[in-house]
Structure formats: structure tokens, C-alpha cells
Amino acid sequence: MIELNDLLAQIWPLAVQQTVGIEQVELKQALGRVLAQDVISMLDVPQHDNSGMDGYAVRSADFVAQRQFEVSQRIPAGASPDALLPGTVARIFTGAPIPPGADSVVMQEDVQVLCDGQIVFNALPKAGQWIRRAGEDIAAGQVVLPKGTRLDAIHVGLLASIGVAEVAVARRLKVGVMATGSELQSPGNPLKAGQIYNSNEYVWCGLLSALNVDVVSVGIVPDNFEATCAALESLADCDAVISSGGVSVGEEDHVKPAIEKVGELRSWKVAMKPGKPIAFGHINRLQGGYSWFFGLPGNPVSSAVAFKLIVKPFLDLLQGQTVAQVDWRLRMQQVQAEFAWLKPDERREEFLRVHVQSGKARLFANQSSGVLTSLAQSNGLVRLAKGQVVSPGDWVDCVMYRDLMS
């Protein structure tokens with residue numbers, strides 16, 4: 001068995017070294033895509049000094065207690081103001097440009113409007129108050145978002161704020177999926193004796209949708225060597241292929257020998273629980289090159305945990321993200337255990353499903369790798385070293401699901 005950290009150190013460089021190509025997309029189509037180039041602002045944001053409040057623009061040097069000021073102009077957002085006349089003020093609204101000659105904004109709550117339209121300040125204006133300076137958010141020439149950023153809604157809005165209409169992003173990955181097992185049945189069909197529903201493919205497709213990849217599914221593949229080889233070869237033009245089940249050493253486990261026939265098995269079995277029978281390799285392509293292959297366990301929890309810890313970061317790297325951006329180990333946090341774990345695995349590190357609230361981790365009662373409700377009703381994984389015993393009150397390492405999928 002290979003240690004999980006050793007496996008990641010082996011496979012992540014393979015993804016970093018491979019490029020998938022670049023395409024230009026309209027900004028509205030860029031959500032969830034990975035930037036292929038740095039985005040540099042061509043303008044200052046804001047482009048001009050502007051008011052941070054509804055109020056009155058004034059030259060602070062003109063202020064005299066109880067002095068009445070004439071309002072010489074009205075400046076809404078989007079206007080082009082005139083220079084402020086000496087001894088006057090300008091009615092100004094949030095976001096409007098500061099008129100030349102003014103150096104302060106007094107918010108309207110601190111101003112008394114007299115019956116003749118003149119005003120009196122109830123507070124001393126200070127130079128620079130309530131003024132948002134040009135370029136204080138973004139300066140022209142600044143890298144706004146670096147290459148490798150997976151664009152969320154805020155990123156897209158930020159790019160819109162600097163006038164970007166389209167961006168260069170990594171090509172969408174093509175990922176093949178297959179579920180092996182003669183016992184599997186598709187949802188919507190009645191179960192026959194000994195059958196179970198295929199859930200792994202649905203978990204993967206949901207997780208893959210968040211990565212903006214194109215999914216190609218061959219569905220359920222029976223426990224047959226020839227059928228397994230044919231399914232793998234049919235997916236060889238994909239960037240990566242994910243399979244579940246059939247990666248152990250039983251007579252009905254055909255994935256390992258099939259990969260050895262149609263490609264190469266680079267690693268097999270990982271010292272982690274859940275998720276030991278994980279295979280990594282590639283499928284040879286007829287035109288040259290290969291498709292990366294991940295053979296995940298058939299148990300749904302093992303499969304989902306392996307996807308989040310191993311497959312998802314690999315696909316992120318293929319799309320151009322950096323190791324620092326995808327390495328979930330950097331986002332581990334210390335939480336306090338509200339449980340005891342007195343019979344640890346001496347040969348494998350363990351990932352326990354927990355629900356974390358206010359820094360305290362409560363263990364899901366059933367840690368079986370076949371209990372999918374343990375993932376549905378938890379929000380993080382506690383990572384334990386081989387042989388690590390836990391008592392209530394101990395501090396343990398934990399990674400939250402939101403950080404695994406960010």
C-alpha cells in the first residue's frame with residue numbers, strides 16, 4: 001500500500017505538467033471556469049474621487065461655526081461636476097464625483113437645511129472624510145485575478161467592474177465515468193434479488209458539475225473482463241476516467257487486469273480508511289497519449305471520500321489551478337473531539353465523518369463505508385494518523401466539505 005501523501009506527491013505533478021488548452025468565453029459564461037491567464041485592470045476603480053455618502057461636498061478650509069452656506073450645484077451619480085465655487089457647498093449623492101476644489105463630504109444627517117435653502121453644518125468637516133479615492137479599490141495595471149482562479153459569482157462581478165467582457169479560461173475537461181458491478185441497477189428500475197441501486201455515478205456527476213466538466217457515461221458495466229476492457233477503451237479520448245468497484249482481488253474484480261491490458265496501472269491500494277482499494281493509472285489512446293484513470297472503491301462512502309481527496313484536486317490541477325489552491329491539507333483546522341476513538345487502525349490513516357459546530361466535532365455513529373447517510377449528515381472529515389487514539393476533549397485535524405470542494 002502507498003501512503004496517501006505519497007500518492008498525492010506522485011500524481012499531482014503529472015496533472016501540473018499537462019495542459020488542456022485555452023478558450024475565450026463571454027463573462028456571463030465564465031462562472032465556475034478556471035482562468036488561463038492573469039487578468040490585469042486597464043483602469044482605476046473607482047475612476048475618480050467620489051462620495052461615500054449622501055450629503056454635501058465642501059472645502060473644509062471654508063468652514064466657520066454657524067456659517068450659512070449656499071448650495072451652488074447638485075451632483076448625482078454619473079454627473080460631471082463643475083469646480084466648487086468658493087464659500088459654497090455642493091449637494092452630492094453616494095457615488096457621485098467630488099467637484100474640483102472640494103476636499104470633504106459632510107453626510108446629510110449632520111446638516112441643517114434652512115427655509116431659504118442655505119445650510120448650516122452641525123459637525124466639523126474634516127479633510128478627506130467620506131471620500132472614496134480614485135484607484136483605492138483597483139489600480140490600473142494591477143493583477144485583479146491571477147491565473148488558476150476558479151471563478152465564482154464575486155469574481156465574475158469583479159471582472160465586470162473593470163469592463164471585462166470575455167476571459168481566457170482552461171478548456172472544459174472531458175471526464176468519463178463508469179460503474180462496474182453486475183449487482184447494480186439504475187434508479188427508476190425495480191431491484192431484482194441481490195441488486196442495489198447505482199449511487200456512485202450520481203455522486204460523481206453532482207461533484208463534477210461543480211467543476212464545469214463534460215461528463216461521458218457508459219453507465220453500468222457488468223463484472224466481465226471483456227466488457228470492462230471495452231468500456232475503458234470507449235472512454236480513452238477523455239481527459240480522465242473514473243470507475244467504481246472491481247478494484248480488489250476477487251474473482252469478479254476485473255478493473256485492475258483490464259487497466260493493465262488497455263493502459264498501465266501506476267499505483268494500487270492506498271493506506272487510508274475508507275478508500276483502500278484505489279487504483280491510479282492511464283488508458284492508452286489509439287492516436288497516442290493517454291487518459292488518466294482512477295479506479296475507486298465500490299462502497300459509496302469510500303468512493304465519495306476518495307473523489308474529494310484525490311480525484312477532485314487532480315482535475316483542478318489539470319484545469320490550471322495551482323497546488324496551493326487545491327491542496328486541502330493546507331485548509332485543515334483543529335477541532336475539539338466530542339467523541340472517543342479507542343480502537344484505531346494500526347495500518348491505515350482514518351477519515352472519520354463528523355459534524356462540526358462551534359469548533360467541536362461530533363462523530364457520526366455509523367462509520368461504515370457503505371452508509372451514505374454518514375456523508376449526508378456530516379460536514380467534515382477528521383483525519384487520524386495510524387494508531388491515533390482519541391479521547392473526548394482532544395484536539396484533532398479536520399477538513400470541512402466546503403473546503404474540499406472549493
Side-chain angles (χ1 to χ4, degrees), residues 1 175-209 215-236 238 240-262 265 268-270 272-281 283 293-311 343 345 348 350-353 363-378 381:
M1 288 190 295
V175 178
V177 297
M178 54 185 275
T180 71
S182 298
E183 78 282 9
L184 297 180
Q185 179 61 275
S186 296
N189 296 319
L191 290 177
K192 299 177 181 178
Q195 287 189 322
I196 59 174
Y197 284 119
N198 170 25
S199 63
N200 286 335
E201 184 179 348
Y202 290 83
V203 173
W204 298 341
C205 289
L207 296 172
L208 288 169
S209 68
V215 179
V216 180
S217 174
V218 296
I220 297 169
V221 179
D223 291 320
N224 175 280
F225 177 73
E226 289 74 20
T228 303
C229 290
L232 290 171
E233 289 178 323
S234 73
L235 297 172
C238 294
V241 174
I242 308 169
S243 169
S244 70
V247 288
S248 192
V249 292
E251 293 180 4
E252 297 300 319
D253 293 315
H254 301 289
V255 171
K256 180 175 177 285
I259 277 292
E260 291 172 330
K261 178 183 178 182
V262 303
L265 185 67
W268 183 48
K269 290 187 178 180
V270 182
M272 61 181 283
K273 180 181 180 180
K276 183 178 79 170
I278 298 172
F280 172 75
I283 305 167
F293 172 77
F294 292 91
L296 306 185
N299 282 325
V301 173
S302 301
S303 175
V305 170
F307 183 98
K308 292 181 178 182
L309 299 181
I310 300 171
V311 181
K343 295 182 179 180
D345 195 306
R348 295 181 287 170
E350 298 180 89
F351 289 87
L352 307 180
R353 283 135 277 161
L363 189 71
F364 189 84
N366 191 338
Q367 291 288 313
S368 167
S369 60
V371 180
L372 200 52
T373 51
S374 66
L375 288 177
Q377 298 178 26
S378 59
L381 296 171

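In what follows, every heavy atom counts, from backbone to side chain, and hydrogens, waters and symmetry copies are set aside.
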Phe307 side chain reached by Leu208 side chain, heavy atoms, under 4.5 Å: yes
Smallest separation among heavy atoms of Met1 and Val270, with atom names: SD-O, 4.0 Å
Point-to-point distance, once rounded to the nearest 0.5 Å, from OG1 of Thr373 to CZ of Arg353: 9.0 Å
Which residues share a side-chain contact (heavy atoms from CB on, under 4.5 Å) with Ala258, sequence neighbours left out: Phe225, Thr228, Cys229, Leu232
Which atom of Leu235 lies closest to which atom of Gly176, heavy atoms considered: CD2-CA, 4.1 Å
Euclidean distance, Arg348 CZ relative to Lys273 NZ, rounded to 0.5 Å: 5.5 Å
4.5 Å side-chain heavy-atom contact, Leu381 and Lys308: no
Member of Ser217, Cys238, Ser243, Ser244 meeting the side-chain contact (heavy atoms from CB on, under 4.5 Å) criterion with Val177: Ser217
CD1-CG distance between Ile220 and Leu184, expressed to the nearest 0.5 angstrom: 5.0 Å
Within-4.5 Å side-chain heavy-atom neighbours: Thr180 and His254: no
Partners passing side-chain contact (heavy atoms from CB on, under 4.5 Å) against Ser368 (at least two apart in sequence or in another chain): Asn366, Val371
side-chain hydrogen bond (donor to acceptor under 3.5 Å, both in side chains) partners for Glu350, two or more places apart: Trp341
Non-neighbouring partners of Ala227 that pass side-chain contact (heavy atoms from CB on, under 4.5 Å), sequence neighbours left out: Val221, Pro222, Asn224
Donor-acceptor contact below 3.5 Å, side chain Tyr197 vs main chain Asn189: yes
With a cut-off of 3.5 Å and sequence neighbours excluded, list every side-chain donor-acceptor pair involving residues 296-304.
from	atom 1	to	atom 2	distance (Å)
Asn299	ND2	Ser369	OG	3.0
Ser303	OG	Trp204	NE1	3.0

Qualifying residues under side-chain contact (heavy atoms from CB on, under 4.5 Å), relative to Glu183, sequence neighbours excluded: Ile196, Asp223
Reported CD-to-CH2 distance for the pair Glu260 and Trp268, which is rounded to 0.5 angstrom: 8.5 Å
Val175 and Phe294: CA distance, side-chain angles, deciding distance, side chain to side chain contact (heavy atoms under 4.5 Å, CB included) verdict: CA-CA 11 Å; Val175 178; Phe294 292 91; over 6 Å; no
Side chain proximity check, Lys276 to Asp345, heavy atoms < 4.5 angstrom: no
